Number of protein chains: 4
Amino acid sequence: MSEHRQGPVRSEAARVAILEATARLFQIRGYEHLTMEGIAAEAGVGKQTIYRWWPSRAALVADCLLEGRLFSERFNFPNTGDIRTDLVSWLGNVFGILEEPAGELLWRSLIAAATENEAVGRRLYESLGIGSSLVPRLRAAVEASDLRADAPVEEIGEALMGALILRALSRLPTQPGSAERLVDAVLGDSSRR
Amino acid sequence: MSEHRQGPVRSEAARVAILEATARLFQIRGYEHLTMEGIAAEAGVGKQTIYRWWPSRAALVADCLLEGRLFSERFNFPNTGDIRTDLVSWLGNVFGILEEPAGELLWRSLIAAATENEAVGRRLYESLGIGSSLVPRLRAAVEASDLRADAPVEEIGEALMGALILRALSRLPTQPGSAERLVDAVLGDSSRR
Amino acid sequence: MSEHRQGPVRSEAARVAILEATARLFQIRGYEHLTMEGIAAEAGVGKQTIYRWWPSRAALVADCLLEGRLFSERFNFPNTGDIRTDLVSWLGNVFGILEEPAGELLWRSLIAAATENEAVGRRLYESLGIGSSLVPRLRAAVEASDLRADAPVEEIGEALMGALILRALSRLPTQPGSAERLVDAVLGDSSRR
Amino acid sequence: MSEHRQGPVRSEAARVAILEATARLFQIRGYEHLTMEGIAAEAGVGKQTIYRWWPSRAALVADCLLEGRLFSERFNFPNTGDIRTDLVSWLGNVFGILEEPAGELLWRSLIAAATENEAVGRRLYESLGIGSSLVPRLRAAVEASDLRADAPVEEIGEALMGALILRALSRLPTQPGSAERLVDAVLGDSSRR
DNA sequence: TTTTAACCGAGACGGTACGTCTTGTCTTATA
DNA sequence: TATAAGACAAGACGTACCGTCTCGGTTAAAA
């Protein structure tokens, strides 16, 4: 009474080669110029092998996101103990990344991929803030009584990340003090100074 | 010393037909399926006539945005006198639009177009909030002393619009009370209740 | 010091299933649409089982030909005693088959297979005329002194079969009396009327 | 009341380049290895330009045939005055071509193309014998009373060409004297020696 | 009786070519 | 001379098969 399928098993080497090629090309050329043929060639793989396991290039990007192949540790959230300092420093850092050409390309490409694919959107949402570092850090601040107990941490997280996305889309240069004012706006009376 | 060019002048009829076709197809099919050939056919116009005046489909969308061919009055900002009520009502309204298939398509399509084209991004930023209704209304609230004089109105606007964009990308269902909490978060101690 | 191989012996069931599937698909879809994958699926067999025993689809067709899985008895040569009558009747019969869609498909498919594969060509040559019924019947007519002793029986056979093939390739409708004239042409002064 | 279409006219340069590339590749590689992509690359043309004017590679071959891009003058029919001599010499000549690798490939490729495409079949039939040189020569022989007035010239032509095709398919080596015997068979009592 | 080599089905793999679609440029005839 | 129409070179799309290979399972002769 076996549940096992007959035949060859999925090739892990091919899977990894495809995701690596995807991440590499995504970062260099951007989502707009990412093609299935390019990925197949870069990975040394037949196109059918990609289509067998992923329905679209957006799904490939979603998997890269899930496996952490697109974000560097530069997006990590600091933890100095003071939530306001951490937020300002993280935000300033990300603003900085946005002003590098490569960072801007990556960021806009991720948004473009998210418009095409639900999973990319969700994973972007999770891996970049709400699910991973930002909101948990806010929750910890609530625990530590650095923020009011009823502070709307999810909405604060969304407002901050959303502002980052908007900044990327509008391509406006970051104004000095912008990070501080944004943190002030969203933290507002939630903080107990 | 005339400044007038010889020969036929740019056809206004063609210009309008092209923008109308763009807006129509954009709303029905989404940015992803918007093609230059489709627009030319829909407008009854040669492709070259489009390329002569616009460099890309994103530029067409930017012009549609500029001429108000994409937004309905449903995005207009209310003005009841109370800034908090207005914000919550507007936000709830836009969340509602996001939950309709057509609204979601339009919204995501605009974001997609913005990732490709700076002008679309800027105009989205301006026409949807910062430049037009939202931020001016916030400034008015400052004038009327409904908000603190030093409230970071631009950052508040960015945070709200950004949250909307993030919501569209993550495709998460809107939680009850979300609009209120978001307004609370961004208004915070800026409001003088 | 045995010469016997270890392991199971070739599966007759698989062999028959493959040839049956080949013949079935060849007759229904034609040689052009005959694929190894289609045969494997139709036969319920792994592709490797086919490739283990046959190098190409043409080789499969050659084996079908050899085992008589493609020709019906409708191609059999009659024997009334009069060689001229027999030839005219057989030729008319085959012309008739050529005017049915299925017959035309089969005939053209066989020619197509023969262009790719020597064995198919040879077996077509043998099984359809020269080797089996037509030429032996001509030889018998020589024996019976119905034809001159030095009649070029092989060439007569080739001329007749060749005319059939040409007719299939040109797709011209058969003219009335064509069979008779063809027999007159090739028998010519070989017959002793 | 104009009947003229707007827009650019079909490019003669592209048409010729495509047919030349087709003929070249057909002769070198054979019909089996003739691909649309290969032709497009060889001709320096987009694939769409081929598909715009021809539905299939067989149609391309048919046009090459029609424009005489595939046959050399080696297939021309001699005219010494004696029909039997001419037939034997022409047949021997073609048998000779069949024994060269390039000639065999060309010949088999033409047959393969004819199995796929009616127009190729018809043009092969016409350009190679019945329509052009062989049958007219036979008719001339009838005129000159070298053949009986009621000789079935079409059937004689078909029988000869068919024998050539069969010879190509069976790949049997030509026997000495074969051309003579074949001519004897088909001319038979039609000739007035 | 155990080993073991070859068979079997299934199907993943790197490829090639398919026929379609769209891009941005170029060409023609019309207005 | 701007336009509508549309041909052009280029190249990506997603699909179909190719022929090879890799699995787990199954025989049946050899050890």
Side-chain angles (χ1 to χ4, degrees), chain A residues 2 4-11 13-15 17 33-41 43-53 55-57, chain B residues 5-11 13-14 17 33-38 40-41 43-53 55-57, chain C residues 1-11 13-14 33-41 43-53 55-57, chain D residues 2-11 13-15 33-41 43-53 55-57:
Chain A
S2 171
H4 294 304
R5 225 187 26 72
Q6 264 184 336
V9 94
R10 177 169 182 181
S11 157
R15 199 189 68 83
H33 299 111
L34 188 70
T35 67
M36 293 303 237
E37 302 218 324
I39 295 168
V45 136
K47 281 202 287 176
Q48 197 56 47
T49 302
I50 305 183
Y51 283 108
R52 183 148 38 228
W53 304 109
S56 64
R57 60 181 188 153
Chain B
R5 258 191 333 88
Q6 267 182 338
V9 92
R10 176 171 183 183
S11 157
H33 299 112
L34 189 71
T35 66
M36 293 303 237
E37 303 217 323
V45 135
K47 282 201 292 174
Q48 195 54 46
T49 303
I50 304 185
Y51 281 109
R52 190 157 18 236
W53 304 110
S56 65
R57 60 182 186 153
Chain C
M1 204 181 86
S2 168
E3 282 297 314
H4 291 303
R5 255 197 337 89
Q6 266 181 335
V9 92
R10 175 171 183 180
S11 158
H33 299 112
L34 188 69
T35 68
M36 292 305 237
E37 301 215 324
I39 294 167
V45 136
K47 283 203 287 177
Q48 192 62 257
T49 303
I50 304 184
Y51 282 108
R52 184 148 35 226
W53 306 110
S56 65
R57 60 181 188 152
Chain D
S2 172
E3 283 297 312
H4 291 304
R5 231 190 15 75
Q6 265 183 335
V9 93
R10 178 172 183 178
S11 156
R15 197 189 71 83
H33 298 112
L34 187 70
T35 68
M36 292 304 236
E37 303 217 323
I39 294 167
V45 135
K47 283 201 288 175
Q48 196 57 44
T49 302
I50 305 184
Y51 282 109
R52 187 157 23 238
W53 305 109
S56 64
R57 60 181 189 150

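Everything quoted here is computed from the prediction, not taken from an experiment. For the numbers below, each heavy atom of this structure counts, side chains included, while hydrogens, waters and symmetry mates do not. Below, chain A is the first sequence line, B the second, and so on; all start at residue 1.
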State whether C:W53 and C:R10 meet the cation-pi test: NZ (Lys) or CZ (Arg) under 6.0 Å from the six-membered ring centroid, and within 45° of the perpendicular axis.
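Geometry flag: set, cation within 6.0 Å and 45°.
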Which heavy atom of D:M36 sits nearest a heavy atom of D:S56, and at what distance?
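Looking at all heavy atoms of both residues, the closest pair is CE-C, 3.6 Å.
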Contacts of type side chain to side chain contact (heavy atoms under 4.5 Å, CB included), residue A:T35, not counting sequence neighbours
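A:E37.
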Residues two or more places apart in sequence or in another chain: which of them pass side chain to side chain contact (heavy atoms under 4.5 Å, CB included) with D:A43?
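So D:A43 forms a side chain to side chain contact (heavy atoms under 4.5 Å, CB included) with D:A17, D:I18, D:A21, D:V45.
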With B for base contact, S for sugar-phosphate-only contact and - for none (protein heavy atoms under 4.0 Å), nucleotides 5-12 of chain F reads BBBBSB-B
I'd like to check the salt bridge (Lys or Arg N to Asp or Glu O under 4.0 Å) partners of A:R57; sequence neighbours left out, ordered by chain and number.
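Once residues adjacent in sequence are excluded, the partners of A:R57 under the salt bridge (Lys or Arg N to Asp or Glu O under 4.0 Å) criterion are A:E116.
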Please report, rounded to the nearest Å, how far the P atom of E:dC21 is from the NE2 atom of B:H33.
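My rounded result for the distance is 13 Å.
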Rounded interatomic separation in angstrom, taking CD1 from A:I50 and P from F:dT15
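Atom-to-atom, A:I50 to F:dT15, this comes out as 13 Å.
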